[in-house]
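All values below were derived from every heavy atom in this structure, side-chain atoms included, with hydrogens, water molecules and symmetry-related copies excluded.
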Amino acid sequence: MKIPQKRTVRWRRAAATVLVLLTFWSCAGVGAAEAYVESVPVPGAARQPQASVLYYRDGRTILARLGATDHSDVPLSAVSPDLRRAVLAAEDRDFYDHAGVSLRGVARAIVADASGEHQGASTITQQYVRNAFLDREVTVDRKMHELALAVNLERQYTKDVILERYLNTIYYGRGAYGIAAAANAYFGVTPDRLDFAQSAVIAAAVKDPWGFDPAHDATAARRRWNWIVAAADRRGLAYPKVQPAGSPIGGPLGLVVDQVERELSGRGITSQQLHTAGLTVVTTLDATAQRAAETTVAAQLRGQPAGLQAALVALDPATGGVRAYYGGEHGSGYFDDADALHPAASTFKPIVLAAALRQGISYRSRWDGSSPRLFPDRGVPLRNHDGLHCADCTLQQAMVDSLNTPFYAVTAEIGADRVRDMAVRLGVPDKYDGRRSLVDVKGDPAPGRTRGDIALGRYPVTPSDLATVYATLAAGGVRHERHFVQSVTGATVAVGGTTALDPRIAADVTTVLQSVVSENGFTPGRPAAGKTGTQQWRDTPENQDAWMAGYTPELASVIWIGKAKPGPLRDAHGVRIEGDTMPAHLWQSFTRSALTGQPVRKLPAPAHVGRVDTGDAGRSHDTGKNPDKAAGLQAPAAGYEPVVHTEHTGKRLALTFDDGPSDDTPAVLDLLAKYHVKATFCMVGENVTWYPQLVRRIVADGHRLCNHSMHHDDLGIVSEARSRADIAETDTAIAAAAPGSTVTYYRAPYGDFGPSAKVGALAGHTPLGWVVDPDDWMLPGADTIATRIHQQLTPRAVVLVHDGGGVRKQTVQALEKLIPQLLAEGWTFDFPETTSKAKPAAGPSVPPSPAGSPTPSPAGSAGASPESTPTPSGSTGAPSPGAGEPSGPGVAPSSGKGETSGTGGA
């Protein structure tokens, strides 16, 4: 026997109920109805509650026992009048006026049930009869029996006796059976001390002990409470303080029980029945997999910083059955991390790939993975993590390296809405808490709409829903409803599957994700596919969420690591946690253990869907317009052209470092100190806030400062007012990091000056350009960088290289070879010329430190994570100028005190 879906029997049940009523009250006649009522005696004693047993999927191994143990009856006189009023307002306002059955209530419930809503058709008397004397089966005979018993009960007992019995037999959630246990579970008092506000909380739980418990769903519980208060005409009350939910079942399995209870409620089996009817529930959980989940999570978190939390959800792709579930250690009633929303980061990229394949774009098509890249719909440049760069790469390689720019470009090509549609098809709900999923919310740039940032996984999903997405891919595009219950007292739960994706597309996605797992060394001893993800924390180099999602043919699972309140994720050694660290290791270990002893199956071969000539590699931007070309798109205003020569004549060059400070800046400073070379550092304001000690060392070592921008936005395409605010904000950040310092230059992002050159000059910063650009942002190799600089050099050249914007070890290696070579050839290092008068910023000066003394950077602080980019913020602040003048025939010395003498104003 199968338990049918509730929707499929709604109209049948409504028709049956109508038939019962017509037969009982009309067709059979009053006499026949009366005879039937008299033939149904009221049992002498109420049925005693029996615990239900939950089993693992083998049907023999017990997962948990679930039943009411905290139960003691109290007389109605020991129940506060407010509690009685609240329950009557919630469940049966006409209780003291009807004869046990409310025809109006039944008719109203029939209409509501048929239309998809849910209303209680039963009076309190009927509910008591059902709970105390009848089984859970919904049939015409049982409904007739219930109505007759209710009428008979009203004839034998007073209303107060019936209400007393009802209050003592209801299950209120939190393991509380009866009103005495409920008053203690929710408020720690006896039922005679409950006021109306407290009583309404408990009365709300009668309808749905799980859904209307404020510890589980505070919004729904408050909504139901408001309705009861209004129904009783007691408006103006304050919502009371409710005790935290206890944990009748502790540990990770407690949250499994909560999920089972919620699922059964959605299938028509109430919490009352689950806790009192002695049901046998066979779950979908696998004992081996669940044990593997609990032990591997515990092993990974052991010895780690307090507050670090994990979630794990594993599904059978062939059925959607949950094989293992870990949402936290505290147990039933507590916060469930596996069912909480978090930004999906790069684990969302396979969804982008699936959407692209559906539009005929092959995973072998070639795309521009340059970093950074500007996109028309995105005011902030997009970067790849760790400065990775691939100007011409396939989507497969872009997935392996987790490059952001190609997948954003793909999303721009096919449309963000198509990516969202694919996510919903694969398993992300269309709505979360009644609100549309995967769209901007209030305060975002486009509330209610899906933007291209969906490609970066900026929109939150739950680990459970992401597991469904990956299970659908593992199942060849067939999506199954995620579920925890296999059968209830012998009745099998019917769960079907639907084709969400062409199996050929699923095979191609699997091929790409299999290369991710194999090339990154995550293979769990059998063919597997997967993707990591890391979400940046605010506008910092820290991470707040780390993911690993993957599958074998037998098991799809998702791992999440984070905190209850988002914040920096670091392990016991102070190293940043990213998707390819703890989550990937946990996933690999769990998958291997969960599938121990099972046959190894192959993943599908690629189908090669789509065309390979659809990418934007080589056509995304014109030749020569990389992000650091001085011949910019927006020319500066006349009279404010950027300087491109050194201050002094002769065989001179000026080194200009860009996009820092960063983890690589100390190595650059050490190298410059070794050869007594002075240089200019153009700094991004938000980086300055991350590395203030490096700004102070730059000043103390005698180098000059340059204002780059606050968030690396393209100031050449924004208004003069916005440029002014950005430059001022960056000046303020530099002044805060190094009080008394001088900012001599302004260098526009992308060499795209527009109105910003004039604004920078008026703020006391000489607009700075360059004539030598070795394209080291492309990371072509140390030898290539050194060769390009040497070949392009002309006397008085300004050279642009990088100490930030990604891993710049190649730049340092190139300069280690090049600087001594240039000195041997007679080149002198100088500063760029100045055309604007710069002044030290207000504030105390910074005592100089010994030249070349290393200043440590924060442990593990690298560039922003790949799945998110900082959001620009407006600010105010006064500009601060800057730096010292070189002298002497060799290198350019400096006093290190931020003094300057310009050669004229603009």
Exercise. Which pairs count as side chain to side chain donor-acceptor pair (under 3.5 Å) when at least one residue sits in residues 516-527, sequence neighbours excluded?
Worked result: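 The answer is none; no pair qualifies.
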Problem set entry | Of all pairs that satisfy side chain to side chain donor-acceptor pair (under 3.5 Å), the ones with a partner from residues 589-606, not counting sequence neighbours | none
Pairs touching [range] that satisfy salt bridge (Lys or Arg N to Asp or Glu O under 4.0 Å), sequence neighbours left out:
{"range": "residues 557-568", "result": "none"}
{"range": "residues 316-333", "result": "Asp316-Arg323"}
{"range": "residues 502-514", "result": "Asp502-Arg504"}
{"range": "residues 461-478", "result": "Asp465-Arg482"}

Could you list the residues that satisfy side chain to side chain donor-acceptor pair (under 3.5 Å) with [X], not counting sequence neighbours?
{"X": "Tyr459", "result": "Asp440"}
{"X": "Glu261", "result": "Ser271, His275"}
{"X": "Gln259", "result": "Tyr325, Asp336"}

Exercise. What's the shortest heavy-atom distance between Asn384 and Pro406, and which atoms?
Worked result: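 Shortest heavy-atom contact: OD1-CD, 4.4 Å.
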Result block: side-chain N/O donor-acceptor pairs under 3.5 angstrom for residues 277-287, not counting sequence neighbours:
residue	atom	partner	partner atom	Å
Thr283	OG1	Tyr55	O	2.7
Thr283	OG1	Leu285	N	3.3
Thr284	OG1	Val322	N	3.0
Thr284	OG1	Val322	O	2.7
Thr284	OG1	His483	O	3.2
Asp286	OD1	Arg57	NE	3.1
Asp286	OD1	Arg57	NH2	3.3
Asp286	OD2	Thr288	N	3.1
Asp286	OD2	Ala289	N	2.9

Exercise. What class does the angle between the rings of His585 and Phe522 fall in, given that below 30° is parallel, 30 to 60° is tilted and above 60° is perpendicular?
Worked result: perpendicular
For this session: Give the C-alpha distance, both sets of side-chain angles, the deciding distance and a yes or no for side chain to side chain donor-acceptor pair (under 3.5 Å) between Gln396 and Ser515.
Result: CA-CA 8 Å; Gln396 180 170 13; Ser515 64; 3.3 Å; yes
For this session: With sequence neighbours left out, write down each residue that passes side chain to side chain contact (heavy atoms under 4.5 Å, CB included) with Ala293, or none if nothing qualifies.
Result: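 Side chain to side chain contact (heavy atoms under 4.5 Å, CB included) list for Ala293, sorted by chain: Leu312, Ala324, Phe590.
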Exercise. Got a sec, which residues hit salt bridge (Lys or Arg N to Asp or Glu O under 4.0 Å) with Arg262, two or more places apart in sequence or on another chain?
Worked result: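 Partners of Arg262 by the salt bridge (Lys or Arg N to Asp or Glu O under 4.0 Å) criterion, ordered by chain and then number, come out as Asp339.
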